[in-house]
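Each remark here refers to the structure printed beneath this line.
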Amino acid sequence: LRLPPGVRARLSTPKDYNTALLVLQGKVKANGSTALGQGQFVLFDVPTVSDPMDLQPRAYSMASAPSEGGELTFILGYKEGGRASRWVAEGLQPGDRVRIQGPFGFFTLAAATAKEYLFLAGGTGVAPFRAHLLEALEERGDTRPMHLIFGVRDRAHLFFEEELSALAAAHANLRIS
């Protein structure tokens with residue numbers, strides 16, 4: 001998958017680069033379809049800061065649900081000296097074009113069963129669970145019990161806190177701790 005013309009990266013992050021939230025805006029097509037599934041990941045072609053032609057892939061799970069209309073959201077955790085971290089902190093600017101490959105993977109929820117869902121996530125690992133919760137609760141109206149246990153080192157790593165709290169407030173079957 002290559003981003004078609006007009007698709008740009010929008011970087012939503014404070015300049016301390018403790019963590020980065022990367023949003024790709026625009027309609028993105030994969031294999032002739034505009035629907036990218038929650039629970040999938042893509043490979044970003046990440047350049048070095050010193051040589052934009054020196055590309056290596058980095059995998060990131062999609063935090064967005066197909067119902068979000070083609071806007072893709074990814075969480076990139078900052079690692080001192082890391083290739084992707086340096087790219088985001090020193091090279092990537094809002095509006096820059098980025099190249100991605102994919103989507104890959106098939107991490108789905110068993111919608112046919114009535115069993116409850118238990119999601120365990122830490123830091124950036126909440127990405128696919130955000131997508132699954134949005135799709136299950138907002139799009140499918142799933143009423144089974146769901147519990148997201150989200151462990152983080154500090155509040156700066158508590159991604160989507162307000163959004164997840166609002167989702168839990170709107171759906172009595174969702175607990176977040």
Side-chain angles (χ1 to χ4, degrees), residues 1-108 119-135 150-164:
L1 166 73
R2 288 199 186 212
L3 297 175
V7 177
R8 304 279 189 190
R10 176 168 49 97
L11 184 62
S12 304
T13 181
K15 275 300 189 183
D16 67 6
Y17 292 103
N18 185 23
T19 54
L21 179 63
L22 182 63
V23 178
L24 299 181
Q25 291 184 301
K27 300 295 181 192
V28 179
K29 293 189 176 193
N31 302 327
S33 167
T34 55
L36 299 172
Q38 67 277 9
Q40 292 184 302
F41 69 96
V42 299
L43 297 175
F44 278 81
D45 287 339
V46 178
T48 61
V49 175
S50 60
D51 182 2
M53 300 308 290
D54 178 9
L55 301 172
Q56 287 184 1
R58 294 293 186 267
Y60 293 100
S61 295
M62 287 188 259
S64 44
S67 60
E68 293 183 279
E71 182 172 278
L72 302 180
T73 304
F74 303 88
I75 308 168
L76 287 72
Y78 182 79
K79 179 180 177 188
E80 187 70 38
R83 178 186 276 253
S85 297
R86 288 200 59 211
W87 172 57
V88 170
E90 301 171 32
L92 188 63
Q93 297 298 315
D96 282 354
R97 290 177 190 243
V98 297
R99 290 188 345 179
I100 59 175
Q101 303 169 49
F104 302 104
F106 195 68
F107 168 42
T108 61
F119 304 102
L120 303 173
T124 61
V126 75
F129 300 124
R130 175 196 180 268
H132 279 302
L133 289 170
L134 286 174
E135 197 68 14
F150 188 11
V152 294
R153 276 181 275 176
D154 52 52
R155 194 164 208 99
H157 292 90
L158 194 55
F159 302 105
F160 307 112
E161 179 180 17
E162 290 178 17
E163 179 182 10
L164 291 171

Problem set entry | Full working for side chain to side chain contact (heavy atoms under 4.5 Å, CB included) between Ile75 and Phe160 | CA-CA 10 Å; Ile75 308 168; Phe160 307 112; 3.4 Å; yes
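- Taking both residues in full, the closest heavy atoms of Ser61 and Ala127 are given as O-CB, 3.8 Å, listed atom of the first, atom of the second, then distance.
- Minimum heavy-atom separation, Ala84 to Val46: CA-CG1, 3.7 Å.
- Residues Val42 and Pro103 share a closest heavy-atom pair of CG1-CA, 4.1 Å.
- Under the ring-ring contact (aromatic ring centres under 6.0 Å, His included) test applied with Tyr60, the options Phe41, Phe74, Phe44 reduce to a single match, Phe44.
- In terms of heavy-atom proximity, Leu55 sits nearest to Pro52 at CD2-O, 3.5 Å.
- In plain terms, the two heavy atoms of Ala65 and Arg130 that are nearest each other are N-NH1, 4.4 Å.
- Using modelled atom types and a 3.5 Å distance limit, the side chains of Arg58 and Gln56 yield a donor-acceptor pair.
- Of the inter-residue distances, the one linking Phe150 atom CZ with Glu161 atom CD reads 9.0 Å to the nearest 0.5 angstrom.
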For this session: Applying side chain to side chain contact (heavy atoms under 4.5 Å, CB included), run through Asp54 and Arg83 and close with a yes or a no.
Result: CA-CA 11 Å; Asp54 178 9; Arg83 178 186 276 253; 3.5 Å; yes
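- Contact detail for Val88 and Leu76: the closest heavy-atom pair is CG2-CD2, 3.6 Å.
- Side-chain atoms of Arg86 do not come within 3.5 Å of backbone N or O of Val49 as any donor-acceptor pair.
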